[in-house]
Every structure is written in C-alpha cells, then in structure tokens.
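Some notes on the structure that comes next.
Keep in mind that what you see is a predicted model, and the values were worked out from it rather than measured.
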Number of protein chains: 2
Amino acid sequence: MQGDAEQLLREHGLQVTAQRLAILRAVSSRPHGTADELIDDVRAVIGSISRQAVFGTLNVLVEKNLLRRIQPAGSPARYEDRVGDNHHHLICRSCGLTFDIDCIVGAAPCLVAEEDHGFEIDEAEVLFWGRCPSCKRTGETDTPVG
Amino acid sequence: MQGDAEQLLREHGLQVTAQRLAILRAVSSRPHGTADELIDDVRAVIGSISRQAVFGTLNVLVEKNLLRRIQPAGSPARYEDRVGDNHHHLICRSCGLTFDIDCIVGAAPCLVAEEDHGFEIDEAEVLFWGRCPSCKRTGETDTPVG
DNA sequence: AGCCAACAATTGACTCAGTCTAATATTTTT
DNA sequence: AAAAATATTAGACTGAGTCAATTGTTGGCT
C-alpha cells in the first residue's frame, strides 16, 4: 500500500512525506477515525507528529478528494478513504460508532429535493442515527458522541 | 402567541420566564437561527440576556422537544420550532442559508437502511448541500458557512 | 399577602476542536 | 549543490459551547 499511497500523492501534485503516508495509512486502517485518534495512530507508527501537520494534511487530502470528511453533530470530524461514491452513514448517538451504508436509492445524487429553491445542489447527505448493539445492551446514557 | 408559548412551557413542566418566552418567539420568527443570532434577537426585544441563559434554555427546549436542533457541518447549531415531523434541510455551503424540505419518501422514518448493523435507528437525517441563488450569482468563494 | 423551596439567570472561568502566523526544515527542481 | 517550492513545527488564538458558584425569580402553600 505504501507505493500506492506515494503514487496517489504524486498524482495529485502533493509532495510525498513520511507524515502524509502515515496519515493516509492510518485513515485507511481506521475508517471514520477522528483527528485525535489518527494522531495517536500515526504517532504509534512514525514516532511523532504535530497536531497541526495532521490537521493540515487532512485538510489538503480532503480538498484533493483523497479523503472524505464527515462531521456528525456532537462529534469532532471523522475521516474515511472511501471516496468517489455517495454512500451514507449510520452513527451511534452514544459512542459515535460509525458504519458505511450503501445508498438505498441508487447512484449519487441518490435523492432529489422536490423544491430546490433555486439552489445548485451538489450533495444529499444522509445520516442514520441510532444506538449500536453494545450501547443498547449496556443501557448507556445519551452522552454526546465523541 | 405569547399565551401559547406560556401554555407550552407549563405543559412541559417548565417555569415561565421572560427569557424563555422571548427565546421561543425569537426561534419562531427566525427559523434556523444560530444561538448568536437568537441572542441578538432576544436582546433587541427584552433588553438583555446572558449567553448562558440562551444556551441553557435552547438545551432544555430541545430536550423537551419544543425545538429541534440541527448541526450542519461547519456551522454552529441552528434551531427551529417545526417539530413532530421529520422534514429535512437544504443548506447553502457559502452562507448557511437553510430551507426546510419536505420528506420526499413519506412519513418518518422516511428512509430505511438496508443493513442496520443491529442498531436501533431512530432518525434518518437528510441534508441537501448546495449553493443558494445569491451565492451562485456573486460567485462567492467556498468559505465555511457561519 | 407573604414565605419558602425549587427552579432559572447571571457571571466568569474553562474546554474542546480547530485555525493562524511566523519560523524552521525538508523536498523537488534546476 | 543551490534555489525555489512546499511541508512541518511551535505556540498563540478563536469560536462555540459547557461547568460551577452565586444571585435572583417563580409559583405553590399557608
């Protein structure tokens, strides 16, 4: 995967650095991770990295469409490397556990608003909210996801 | 409307205060307003109120289901008094302008995930993202909504 | 009407997630 | 190998919201 990641960065006109490769690998091995989780993962692999390098890199990768950012209510942003389709998400209100959900309707844009108010609509984001099996079981209280 | 709001608070076991009434009225006259916008509105009406009173009141009102909170990515939370249905939202990426969109499928829950991963799903939130007519016109840059 | 317990509002410090800026270091190009 | 471009670091800062202690208000009860 290292080679692929390197290739990917070059193709998008980005310099190849150990930090970027590590971040890319961290996102792919922990889909829907938050920036802080990814920082920990990257540190475990390459020893050290600054918060800002991670935020900066995540931002350019999202901008270049190598990553997708999702920002569920009450949670810090999460990142995934599944881009290019418009799949959706199922999120636990208690613990923030997140799954990908394939679009129920079809290809993106999978939903169409009847009245578009003159907007140029580019995305229909669907978030399924609920409670994951383990939070159901423990009867955990409705603390904001983290 | 004053009488209705008062009634509404009492029915939900909440004390009636000038602040709460003003907040309720502010939300209904500015649907999708942010907390800061609502603070300004309330101050214009009753002279003064603390930030915390507004945040605290919005929280209890959301908790009691008198208001609904929406938290679009990149924007502070917005509040509306249209509760009890599961309508959706159309949001401008540039300026945050928000419209209600009636559910395209039917009654809530209007969408069903094929694979629920054992979750107890309670809401399907749909956000249509785009660019409003006036931001299209001015070619305004993609600054985060505010 | 007046009292009092519960509830609400105010004040001010604090947190969390993320951004900005300036300085330094590393890549890539020449 | 040097220059130009780009990336990384450190640390201050911002915005949105929370927490805790104190003061003030509301509404039920004599």
Side-chain angles (χ1 to χ4, degrees), chain A residues 5-7 9-24 32-40 42-43 45-64 66-67 69-79 96 142-146, chain B residues 5-24 26 32-40 42-43 45-64 66-67 69-79 96 142-146:
Chain A
E6 197 172 325
Q7 177 92 359
L9 289 172
R10 285 194 208 286
E11 276 168 8
H12 288 80
L14 296 171
Q15 287 188 4
V16 176
T17 66
Q19 289 86 343
R20 286 180 174 174
L21 291 174
I23 290 166
L24 232 21
H32 313 123
T34 64
D36 282 327
E37 289 165 349
L38 295 170
I39 289 171
D40 290 345
V42 169
R43 286 191 177 145
V45 173
I46 64 167
S48 87
I49 193 171
S50 69
R51 274 178 72 70
Q52 293 69 3
V54 177
F55 277 106
T57 298
L58 290 172
N59 284 344
V60 317
L61 295 177
V62 167
E63 212 164 89
K64 298 281 185 183
L66 299 187
L67 297 182
R69 171 191 286 131
I70 54 181
Q71 285 165 269
S75 158
R78 292 165 183 275
Y79 297 87
D142 235 20
T143 42
V145 300
Chain B
E6 196 172 328
Q7 176 91 358
L8 213 56
L9 289 171
R10 285 192 208 286
E11 276 168 6
H12 288 80
L14 296 171
Q15 287 190 2
V16 176
T17 67
Q19 290 87 337
R20 286 179 174 174
L21 292 173
I23 290 167
L24 233 20
H32 312 122
T34 64
D36 281 326
E37 288 165 350
L38 294 169
I39 288 172
D40 290 346
V42 169
R43 285 191 177 145
V45 173
I46 64 168
S48 87
I49 194 171
S50 68
R51 272 177 72 70
Q52 293 65 8
V54 176
F55 278 104
T57 299
L58 290 172
N59 284 344
V60 316
L61 295 178
V62 167
E63 212 165 87
K64 297 281 184 183
L66 300 187
L67 296 182
R69 171 191 285 129
I70 53 181
Q71 286 165 268
S75 158
R78 291 166 184 276
Y79 297 87
D142 234 20
T143 42
V145 299

Note to self: side-chain contact (heavy atoms from CB on, under 4.5 Å) for B/Arg51 and B/Asp36? Distances and angles first, verdict last.
What the structure shows: CA-CA 8 Å; B/Arg51 272 177 72 70; B/Asp36 281 326; 2.9 Å; yes
Next item on the list: Round to the nearest Å and state the distance from A/Lys64 atom NZ to D/dA7 atom C1'.
Entry: 14 Å
Notebook entry, point to check: CD of A/Glu63 versus P of D/dT6: gap in Å, rounded?
Noted result: 14 Å
Checklist line | Nearest-angstrom distance from the residue atom NE2 of A/His12 to P of D/dT6 | finding: 16 Å
Item checked: Atom pair distance, as rounded to whole Å: CG in A/Leu21 and C1' in D/dT8 -> 15 Å
Margin query: Tell me the interatomic distance from A/Ile46, atom CD1, to D/dT8, atom C1', rounded to whole angstroms.
Written below: 11 Å
Notebook entry, point to check: Expressed in angstrom and rounded to an integer, what is the separation of A/Phe55 atom CZ from D/dT14 atom P?
Noted result: 18 Å
Next item on the list: Verify the contact: side-chain N or O of B/Asn59 to OP1 or OP2 of D/dG17, cut-off strictly under 4.0 Å; return yes or no.
Entry: no
Notebook entry, point to check: Are the side chain of B/Arg20 and the backbone of B/Gln15 linked by a donor-acceptor contact shorter than 3.5 Å?
Noted result: yes
Note to self: On DNA chain D, does the nearest nucleotide to B/Ala77 precede the nearest nucleotide to B/Arg10 from the 5' side, or the other way round? Give the residue.
What the structure shows: B/Ala77
Next item on the list: With the side chain counted from C-beta on, respond yes when A/Leu21 and A/Leu9 share a heavy-atom pair under 4.5 Å apart, and no when they do not.
Entry: yes
Notebook entry, point to check: What string of B, S and - do you get for nucleotides 5-10 of chain C, 5' to 3', when a contact is any protein heavy atom under 4.0 Å?
Noted result: --SSSB
Next item on the list: Could you give me the CA-CA distance, side-chain angles and deciding distance for A/Thr57 and A/Ile49, then say whether side-chain contact (heavy atoms from CB on, under 4.5 Å) is met?
Entry: CA-CA 11 Å; A/Thr57 298; A/Ile49 193 171; over 6 Å; no
Note to self: Measure CD/A/Glu37 against C1'/C/dG18 and give the value in whole Å, please.
What the structure shows: 16 Å
Checklist line | Atom-pair distance (CZ on A/Arg69; C1' on C/dA17), nearest Å | finding: 12 Å
Item checked: Candidate pair B/Ile23 and B/Val54, rule side-chain contact (heavy atoms from CB on, under 4.5 Å), full reasoning -> CA-CA 7 Å; B/Ile23 290 167; B/Val54 176; 4.2 Å; yes
Margin query: Apply side-chain contact (heavy atoms from CB on, under 4.5 Å) to residues B/Gln19 and B/Val42 and explain how you reach the verdict.
Written below: CA-CA 8 Å; B/Gln19 290 87 337; B/Val42 169; over 6 Å; no
